[in-house]
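Working notes for the structure below.
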Amino acid sequence: MSLEDRLFQQRYDKLSEIERLGYERYPRKYAYTHTVGQIRESYDSADAATLEAQRPQVRICGRLMTKRRQGKAGFAHLKQGGLQLQIYIRRDEVSEKDFELYKKLDPGDIVGVSGRLFRTRTDELSVRAADVQFLSKGILPLPEKFHGLQDVETRCRRRYLDLFTNDCVRETFAARDRINRSIRDSFARRGYVEVETPMMQPVYGGALARPFVTHHNALDVDLYLRVAPELYLKRLVVGGLDRVYEINRNFRNEGLSKQHNPEFTMLEFYQAYSDYRDLMEFSKELLAETAQAVLDGGTTAEFGGRKIDFAGLNRLTLAETVVEYWPDAATRPTVDALGDIGKLRELAAVHNAQAESALDFSGAVSPGKALLELFEAACEPRIIQPTAVYDYPLEASPLSKRKPDNPDWVERFEIFCGGMEIANGYSELNDPQEQRARFEEQVVLREGGDGEAHGMDEDYLRALCYGMPPTAGEGIGMDRLTMILTNSPTIRDVILFPLLRPEGEIGIAERLRRAGREREAESGE
RNA sequence: GGGGCGGUAGCUCAGCAGGUAGAGCAACGGCCUUUUAAGCCGUGGGUCCUGGGUUCGAGUCCCAGCCGCCUCACCA
């Protein structure tokens with residue numbers, strides 16, 4: 001038998017030993033009087049003399065994280081809700097049964113302890129046990145107590161283990177919860193309605209991305225997991241929900257990276273009778289409010305060693321951004337020059353030489369598209385402070401309204417921060433005739449093999465034909481925003497169960513089967 | 001998909017000069033009634049990712065594959 005099997009068997013057998021002491025194997029409940037958090041909050045500042053005078057009685061429960069036996073006494077730390085409290089147990093102060101239980105407990109086991117609070121010689125707040133209850137068994141051993149669980153893959157696959165061993169994980173997800181709540185607050189204060197729209201859609205759209213496909217049996221139709229909720233939310237605007245938002249998952253059948261998970265959480269919102277400039281202003285407020293909710297009232301986050309201040313939002317046109325963030329002073333262009341494809345080709349050559357990239361504008365590329373590509377390659381990763389980059393070329397924006405004075409460009413912005421895109425918003429195209437034409441351009445692209453292009457969405461066109469008010473809409477990537485606000489270098493750090501290749505054979509069922517057989521054999525004797 | 005790095009005990013990691021595999025934690029036995037990465041004495045524990053190859057001999061060198069991490073590319 002391998003070591004791992006023996007550890008497993010050993011720990012499993014302890015359940016029976018504990019049962020023989022007179023405890024239930026998996027009891028129903030434990031009536032605790034305090035959470036560890038409540039005790040820490042109430043008594044962390046109480047000194048030893050105060051505790052001796054008050055002798056507060058508590059019943060607490062949690063997972064045993066460490067154990068230090070000392071002959072006829074011992075210590076242990078119980079962890080609950082991410083916080084620890086020490087317990088102290090003496091043979092002469094508990095029943096023989098309880099002390100035997102203490103001796104058999106392993107780190108990872110879950111117990112309840114009642115007793116009084118006191119401070120040890122080293123002034124640590126602790127519970128002096130009067131009674132110990134066994135509540136659940138950790139059959140598998142805990143990771144090493146000092147270094148914790150390090151392996152990235154194991155941390156994601158067994159997130160539960162990551163959560164109760166690495167405190168920062170719990171803190172990150174607590175922050176994520178605070179971000180969500182703050183955002184819902186911000187929207188509620190502004191009269192927005194939260195809705196849920198279909199995840200399974202017969203026609204996918206709202207973003208240029210490859211979808212996942214699934215099938216509904218009863219209707220015998222293929223459905224797409226949504227790449228964005230946009231077209232449904234705008235139907236709701238047609239329906240008179242002038243301020244509407246959704247926080248939910250999008251699914252894009254693309255690669256994995258530090259900034260990409262195939263399913264990710266998008267905040268998307270629409271505001272009727274407004275344009276993209278209004279949303280830039282609102283975004284500034286929303287980001288500031290959200291930052292304050294996680295950063296103890298401040299607006300400055302630290303991300304990857306840099307300070308990012310959400311108090312303000314820089315605003316630059318796409319062309320201005322390229323000038324501002326062009327990485328090479330000697331070849332820095334002017335805004336006017338960026339309208340010229342010849343100049344853009346020169347800049348691409350400069351960038352290709354410096355960054356080993358392969359931008360190629362030799363074909364029939366519009367200056368706008370070329371500028372956008374140049375921006376993404378050379379400038380986007382350099383934008384650290386929250387910056388709204390606005391006015392985008394028409395080609396890449398099939399749902400955005402054109403600029404009145406320049407029909408090759410649309411009223412669109414994206415917000416960049418910490419080198420990532422975190423938001424995308426625009427004045428919504430609400431002219432059904434033009435939308436039809438844009439969809440048809442997309443259909444041509446799709447038939448040419450572009451799996452990311454939109455299909456023709458006639459149901460959406462029909463909605464527009466009833467009349468959509470002038471509207472602006474925006475999406476914010478919640479995972480990326482959370483990364484920045486929690487100083488998490490990868491998206492995996494802010495998604496509890498990021499997509500991983502399925503694990504092969506685990507073999508735990510077989511181990512349990514074997515462990516259980518021994519027990520049956522025993523009880524059969 | 002390209003490149004780089006890695007996969008050794010349940011966990012964190014050494015070992016890479018080719019010569020039967022180590023430490024700490026965890027576990028097991030013993031001692032210990034204020035410890036806290038408790039301590040002390042003792043014990044057990046490995047498909048060194050897989051498969052080939054070179055060699056008298058491979059965790060170590062070579063090749064292929066699998067898996068992971070980083071990075072570039074793709075990616076709205």
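First the proteins, then the strands, lettered A, B, ... as listed; each starts at 1.
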Distance-only donor-acceptor check, side chains A/Asp479 and A/Thr482, under 3.5 Å: no
Partner of B/G22 by Watson-Crick or G-U wobble geometry, both contacts under 3.5 Å, or none? B/C13
Interatomic distance at P, B/U55 relative to B/G46, whole Å: 31 Å
Between A/Arg157 and B/C67, is there a contact of a side-chain N or O with OP1 or OP2 at under 4.0 Å? no
Does a side-chain N or O of A/Arg11 approach OP1 or OP2 of B/G10 to a distance below 4.0 Å, or not? no
Parallel, tilted or perpendicular: which describes the rings of A/Phe269 and A/Phe282, with under 30° parallel and over 60° perpendicular? perpendicular
Base, sugar-phosphate, or nothing for A/Gly148, non-hydrogen atoms under 4.0 angstrom? sugar-phosphate
Length of the CZ-P vector between A/Arg63 and B/A26, whole Å: 17 Å
Distance test, side-chain N/O of A/Lys14 to OP1/OP2 of B/C28, below 4.0 Å: yes
Counting only side-chain nitrogens and oxygens, does A/Arg501 get under 4.0 Å of the OP1 or OP2 atom of B/C67? yes
Would you please classify the geometry between the A/Tyr88 ring and the A/Phe118 ring as parallel, tilted or perpendicular, with 30° and 60° separating the classes? tilted
Please confirm whether the backbone N or O of A/Tyr204 pairs with a side-chain atom of A/Gln201, one donor and one acceptor, at under 3.5 Å? no
Rounding to an integer number of angstrom, what distance separates B/A37 and B/G24 when you compare their C1' atoms? 10 Å
Qualifying residue, where the test is side chain to side chain contact (heavy atoms under 4.5 Å, CB included) with A/Tyr392 and the options are A/Thr317, A/Asn424, A/Val410, A/Leu371: A/Val410
Output the single nucleotide from B/C70, B/C13, B/C75 whose closest atom is nearest the side chain of A/Gln150. B/C13
Determine, for nucleotides 2-7 of chain B in 5'-to-3' order, which nucleotides have protein heavy atoms under 4.0 Å from the base (write B), from only the sugar-phosphate (write S), or from neither (write -). ------
Of the nucleotides B/U12, B/C69, B/C75, which one has an atom closest to the side chain of A/Arg492? B/C69
Can you tell me the pairing partner of B/C28 across any strand shown, Watson-Crick or G-U wobble, with both distances under 3.5 angstrom? B/G42
What does A/Thr66 touch in the nucleic acid at a heavy-atom separation under 4.0 angstrom: a base, only the sugar-phosphate, or nothing? nothing
Please give the distance between the C1' atoms of B/G4 and B/C56 as a whole number of Å. 36 Å
Ignoring hydrogens and geometry beyond distance, is the side chain of A/Arg412 in donor-acceptor contact with the base of B/A76 at under 3.5 Å? yes
Would you say the side chain of A/Glu124 and the base of B/U34 hold a donor-acceptor pair, judged only by whether the two atoms sit under 3.5 Å apart? no
Using a 4.0 Å heavy-atom cut-off across all strands, classify A/Asp92 as base, sugar-phosphate, or nothing. base
C1' spacing across the pair B/A9 / B/C49, given as an integer number of angstrom: 15 Å
Which nucleotide in the list B/A76, B/U33, B/U35 gets nearest to the side chain of A/Ala396? B/A76
Within residues 159-168 of chain A, find the residues that approach RNA chain B with a heavy atom at under 4.0 Å, and present them sorted by residue number. none
Gap in Å between the two C1' atoms, one belonging to B/G45 and one to B/A21, rounded: 13 Å
